[in-house]
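One structure is given here, and the rest of the page talks about it.
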There are 2 protein chains.
Amino acid sequence: MAAPARVTLADIYRAHERILPYIHMTPVFTNSTFDKRIGRNAFFKAENLQKTGSFKARGALNAVSNLRDTYISARPVSTVIALKERNPDVPGVVTHSTGNHGQALAWAAKTVGLRCAVIVPHDTPQVKKDAISSYGAELVLCEPTPQSRQETCDKIAKEQGLEFIPPFDYNDVIAGQGTIAMELLKQAPDLDAILVPVSGGGMSSGIAIAAKAIKPGIKIYLVEAEGKMCEKSLRAGERLWPNPPRFLNTIADGIRMQHLGHLTWPILLELAEKDVFSLNDEDMIKGMKFAFQRMKLVIEAASGAAVAAAMSDKLAGMDKEMKNIGVILCGGNVDIEKLPW
Amino acid sequence: MAAPARVTLADIYRAHERILPYIHMTPVFTNSTFDKRIGRNAFFKAENLQKTGSFKARGALNAVSNLRDTYISARPVSTVIALKERNPDVPGVVTHSTGNHGQALAWAAKTVGLRCAVIVPHDTPQVKKDAISSYGAELVLCEPTPQSRQETCDKIAKEQGLEFIPPFDYNDVIAGQGTIAMELLKQAPDLDAILVPVSGGGMSSGIAIAAKAIKPGIKIYLVEAEGKMCEKSLRAGERLWPNPPRFLNTIADGIRMQHLGHLTWPILLELAEKDVFSLNDEDMIKGMKFAFQRMKLVIEAASGAAVAAAMSDKLAGMDKEMKNIGVILCGGNVDIEKLPW
């Protein structure tokens, strides 16, 4: 369960130990054509090759593992056995994401033997429903409004004794995502900076905590979909986003949340650079195409944003001493029947 | 230069030593969904992530490196320096492939500092011409007939003192491709069989020599485009293909040669299984889609054929003791603007 204090490097180490038997230690790729083009060395962390097709598997698995361990330590042995057999009487988890977090939580719950319910607006495309069901989660239909999603989620959680695992504003999720940076800095120890796509900020804050603790001089740059305006808030030192929270108009469904979370915001305010890379759809498609054509990797638009940030004029204008750049390819869940070009 | 004797494991070891500083030791991927579906363990050798996007980089680099070393050892030091600066007076290589071998040879020649000319029918798509030029090769246009290609190639070779490097029927090329199996058997030592796409047979014969020498009990299965009818020739023990050689009608341009080569045929007759996997376009697309959607890898149709072979009823009907299967994803050069679905 979420600890109230801020996530530390020690939490991230423990998370890595907990999840490593089940996740992929994803490879880091380099590309000489890319390096020549940008005049720096890029190190692509391929979380598109992660279980369930995105980094979300890390945070979700850390969260459910911790939950299960807490539950097991409070129960007699016979219940633990039942738990492993997915007895419907034992508690589980619930969320209302139909995207990468929904899939990841379904997979994670199945992996540790917990129940999982996912709240799904009834107009969700069948392909997304199937992806979640394929990991054994139960789908609960709701009206296609943010309010109905949250209410249905709260109701199911209360009625069935399920723990709500939010997509980013949850310490065990942040710690799980931070394991990306621990691996990356083992695989490419000479990094000067990391470009990380940001939505609610779970991945970026986890990466920032781990990377800055391991290598204090490293710079963490956020990569956002145009309209998020992180830079303005970071420079002002306060949350300038309008209320209520809204989704950005972007092809990158992985990074369409406009607000940072309430746990992730103070972390990023302290640890991320004030310069933010802001990408539009055209940039992201350019980034995606480079990965498909030259790196032979299927990536989603949010990953394309990170590639595009590395190719951007903004990065080109930055300090040339910043030689080695980590680029987080956060996921590969794109509909290959409807590629955006 | 090509040795007359048949390629041995020692040649393949030497080739690996020669090319390893420049090529990728490509990763081997596994996929639990796939394994569950086929009831065996598949080990995917990702040559789509190889330099130039296909395994062809291995054989081409081995061939040009050997050529350069032979040349250097016969010349005074001053010429060697000129050679490294790509002085147009020193010899180079030529070929008439506009596909993966053409790109690979252009890249390989550039890597070792030799000239490279590629004969290109004037109706070749601009994207293919650009790919070859981008590696610094000179394009020589010809009429779009097999005869004009070979004649122009012979003429340029003679006039300019260039060595013709054929795509498969050449010992240094075979030895280079064999390095795939050396790596794969280090990465997945418990393999019982390897599924390898076959066109002229350069890759499959190299892999067969290496794998059978390292692990005599391993089975090498050829994966062909429908219409090649390898099985018939292998069972008869003679080349039953009609003359003149023709291209198969398949979406897999990497494996559209109907005949095996004259060097590769006796090797495969001795070392490959008589059972051949024969795949149509629909099968290959199914294989490609699995790789794109579930493995997040961009692969071309020839690689899709190997994936489809692993999913086929034919494999399902084979000995269940054959538990661990190597699957060669030979390349990823597909036009992402025109995916075949």
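Source: prediction; values computed, not measured. Residue numbers start from 1 in every chain, and the chains themselves are labelled A, B, ... in the order their sequence lines are given, proteins ahead of strands.
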Crowding at NZ, A:K286 (>12 non-hydrogen neighbours, <6.0 Å): no

Spacing of B:W107 atom CH2 and A:S32 atom OG [to the nearest 0.5 Å]: 9.0 Å

Top contributor to chain A contacts, counting heavy-atom pairs under 4.5 Å, from B:N48, B:T33, B:N31: B:N48

Contact origin within B:N333 toward chain A - heavy atom pairs under 4.5 Å: both

B:M295 CE to A:L297 CG distance, which is reported to the nearest 0.5 Å: 11.5 Å

Residue among B:L329, B:V334, B:V298 satisfying side-chain contact (heavy atoms from CB on, under 4.5 Å) with A:K296: B:V298

Those residues of residues 177-184 of chain A, ordered by number, that approach chain B below 4.5 Å (heavy atom to heavy atom): none

Steps toward side-chain contact (heavy atoms from CB on, under 4.5 Å) verdict (A:K289, B:E337): CA-CA 9 Å; A:K289 279 190 163 181; B:E337 310 271 2; 2.7 Å; yes

Which atoms of B:I299 approach chain A - backbone, side chain, both or neither, heavy atom under 4.5 Å: neither

Verdict with supporting geometry, B:L339 and A:I336, side-chain contact (heavy atoms from CB on, under 4.5 Å): CA-CA 9 Å; B:L339 289 167; A:I336 63 158; 5.7 Å; no

